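Some notes on the structure that comes next.
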Amino acid sequence: MFLNLSARLAERRDADLYRRRPLLETPQGVNVLVDGQSLLAFCNNDYLGLANHPQVIEAFVQGARQWGVGGGASHLVVGHSTPHHQLEEALAAFTGRPRALLMSSGYMANLGAVTALVGQGDTVLEDRLNHASLLDAGLLSGARFSRYLHNDAASLQSRLGKAVGDTLVVTDGVFSMDGDLAELPAICAAARQHGAWVMVDDAHGFGCLGEHGGGIVEHFGLNTEDVPVLIGTLGKAFGTAGAFVAGSEELIESLIQFARPYIYTTSQPPAVACATLRSLELLREEVWRRVHLARLIVRFREGVSAIGLELMNSPTPIQPIVVGSSARALALSAALRERGILVTAIRPPTVPRGTARLRVTLCAAHTEADVDRLLETLQLAVASLPESHD
Ligand SMILES: *Cc1c(COP(=O)(O)O)cnc(C)c1O
């Protein structure tokens with residue numbers, strides 16, 4: 001396959017798997033201009049509508065004035081500045097854990113945490129539907145790597161029985177393409193029985209779940225012993241950029257020593273940390289955003305059932321409509337777009353074969369009228385497609 005790029009690209013095109021990047025010509029939000037077209041969008045992860053919030057922007061601008069633009073160095077050299085440190089302390093307090101470590105992205109947080117904790121002779125067990133960054137982290141770690149059936153504690157148990165060395169059980173908190181919650185109480189109990197550690201990547205739970213937006217661990221009332229390694233990302237409900245790992249003093253010190261994606265990269269711009277400090281306050285305090293979002297979720301789910309489309313078991317803003325083939329997902333996305341609505345099609349390998357979908361996401365910036373318009377348009381768009389032969 002080396003350098004046979006044109007053949008690989010053609011193959012991807014022929015399988016309806018070719019990716020194109022919609023060009024966003026306005027700030028992130030629900031009413032956007034994409035490729036010259038005005039659209040009502042239901043596909044970003046800015047669940048609380050903070051990515052373009054005036055107070056977050058102001059904190060970013062002031063942060064840039066005071067701290068400049070670039071991080072300038074890695075954290076261990078001279079790139080760890082006061083705003084990074086303050087944000088770490090605020091995130092530790094927010095998660096109720098002794099320490100938090102700020103990372104440059106969720107992808108890197110996952111690679112860093114898993115590879116620092118386990119290696120050759122150890123075991124990593126992951127949910128089959130985990131985010132790609134977690135699967136990549138498991139492979140990169142060099143540990144024995146296996147995937148248990150989705151959210152299936154019995155399947156996890158049987159793998160735990162065969163595990164060697166130190167064992168890390170890794171799961172999404174909210175599954176990114178399905179929107180369902182990890183069955184953490186059962187998963188944590190199984191792990192504890194076998195002396196394994198649990199790592200939860202709650203990229204989509206923070207800000208959305210729990211009374212204070214503390215995510216899936218707040219939702220289930222789990223502590224640091226249940227989930228020793230907790231990952232959050234800042235590019236979703238927080239509306240900014242970066243990620244964090246929260247846990248014990250020893251965990252964070254170990255990551256500072258051993259997590260290569262932490263050590264060998266430039267710190268994020270300090271002004272981004274200033275912006276996140278502000279968005280964290282909004283995320284905690286403006287409870288109306290979560291309340292409104294919950295109402296939109298109910299409204300959407302009731303409407304979709306009324307149209308006769310199938311929903312997934314999701315209590316979160318991620319509300320996928322599975323259509324099957326990639327061609328059909330693309331056709332439905334295009335039919336919506338013709339009618340002024342943007343929902344991108346999600347296809348393999350992001351999701352398993354035969355489960356291509358429209359990943360609808362709701363956001364606190366949507367109105368009830370926006371959701372109604374989506375529902376009406378969905379009905380028309382589905383009716384406009386040829387019969388499915390999948
Ligand atoms: C988006 C996402 C990531 C990656 O986070 P970035 O900060 O965007 O790199 C990791 N895990 C999950 C579950 C995600 O959805």
Side-chain angles (χ1 to χ4, degrees), residues 19 21 24 28 43-48 50-51 71 84 87 91 100-115 124 126-141 147 150-151 168-182 184 187 198-209 215-217 219 227 229-246 255 259-262 265-269 272-273 275-276 279-280 283 312 314 316-320 344 346 349-352 357 359-363:
R19 264 71 167 169
R21 302 167 303 169
L24 180 64
Q28 193 57 264
C43 46
N44 71 31
N45 301 313
D46 179 27
Y47 303 120
L48 299 180
L50 297 178
H84 298 130
L87 178 56
L91 289 167
L101 186 72
L102 180 64
M103 310 273 288
S104 293
S105 77
Y107 199 110
M108 291 169 73
N110 287 338
L111 288 189
V114 174
T115 58
V124 179
E126 299 206 19
D127 190 289
R128 209 171 74 77
L129 297 187
N130 272 357
H131 189 262
S133 58
L134 293 172
L135 301 173
D136 292 356
L139 291 170
L140 184 64
S141 71
R147 294 160 76 172
H150 177 53
N151 240 342
L168 189 62
V169 175
V170 182
T171 182
D172 279 22
V174 171
F175 286 88
S176 58
M177 296 300 137
D178 293 53
D180 56 335
L181 308 188
L184 282 189
I187 290 166
V198 174
M199 167 170 154
V200 173
D201 171 2
D202 203 21
H204 302 274
F206 278 109
C208 298
L209 297 175
I216 196 160
V217 291
H219 175 83
V227 178
V229 190
L230 179 60
I231 309 281
T233 68
L234 303 172
K236 282 148 189 167
F238 285 86
T240 58
F244 63 90
V245 186
L255 296 180
R260 294 167 63 88
Y262 179 72
T265 198
T266 302
S267 65
Q268 68 166 210
V272 175
T276 307
S279 78
L280 172 59
L283 177 149
M312 302 198 74
S314 163
T316 68
I318 303 168
Q319 292 293 332
T344 26
I346 305 285
T350 310
V351 292
R357 64 198 65 183
R359 179 177 178 269
V360 171
T361 56
L362 300 167
C363 158

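The structure displayed is predicted, hence computed values, not measured ones. All residue numbers refer to positions in the sequence shown, counting from 1. We count ligands from 1, going down the list as the structure has it; atoms in each ligand are counted the same way.
Put simply, the residue from Leu230, Thr316, Leu181 that forms a side chain to side chain contact (heavy atoms under 4.5 Å, CB included) with Ile216 is Leu181.
Counting protein heavy atoms only, atom 15 (O) of ligand 1 is closest to His204 NE2, 2.5 Å. In this structure, atom 8 (O) of ligand 1 lies nearest to the protein heavy atom Lys236 NZ, 4.3 Å. The protein non-hydrogen atom at the shortest distance from atom 12 (C) of ligand 1 is Asp201 OD2, 3.2 Å. Nearest protein neighbour of atom 4 (C) of ligand 1, counting heavy atoms only, is Tyr107 N, 3.6 Å. Scanning all protein heavy atoms for the shortest distance to atom 6 (P) of ligand 1 gives Gly106 N, 3.2 Å.
For Arg147 (side chain) and Leu135 (main-chain N/O), no donor-acceptor pair under 3.5 Å exists by modelled atom type. At least one donor-acceptor pair under 3.5 Å links the side chain of Thr361 to the backbone N or O of Asn44. His84 contributes a side-chain N or O that, together with a main-chain N or O of Gln268, makes up a donor-acceptor pair within less than 3.5 Å. Between the side chain of Thr240 and the main chain of Val272, no donor-acceptor pair closer than 3.5 Å is present.
Near Ser176, with a cut-off below 4.0 Å to any heavy atom, the atoms of ligand 1 are 15 (O). Close contacts between ligand 1 and Ser133 involve ligand atoms 10 (C), 11 (N) [criterion: under 4.0 Å to a heavy atom]. Atoms of ligand 1 lying under 4.0 Å from at least one heavy atom of Thr233, given by number and element, are 5 (O). Near Asn110, the atoms of ligand 1 lying under 4.0 angstrom from a non-hydrogen atom of the residue are 10 (C), 11 (N). Set against the non-hydrogen atoms of Ser105, the atoms of ligand 1 under 4.0 Å away are 7 (O), 9 (O).
In this structure, a donor-acceptor pair under 3.5 Å is absent between the side chains of Asp178 and His150. No hydrogens or angles considered: a donor-acceptor pair under 3.5 Å links the side chains of Arg19 and Thr350. No side-chain N or O of Gln28 forms a donor-acceptor pair with one of Asp46 less than 3.5 Å apart.
By the 4.0 Å heavy-atom criterion, Ala243 is excluded from the residues contacting ligand 1. Heavy atoms of Met108 stay at 4.0 angstrom or farther from ligand 1.
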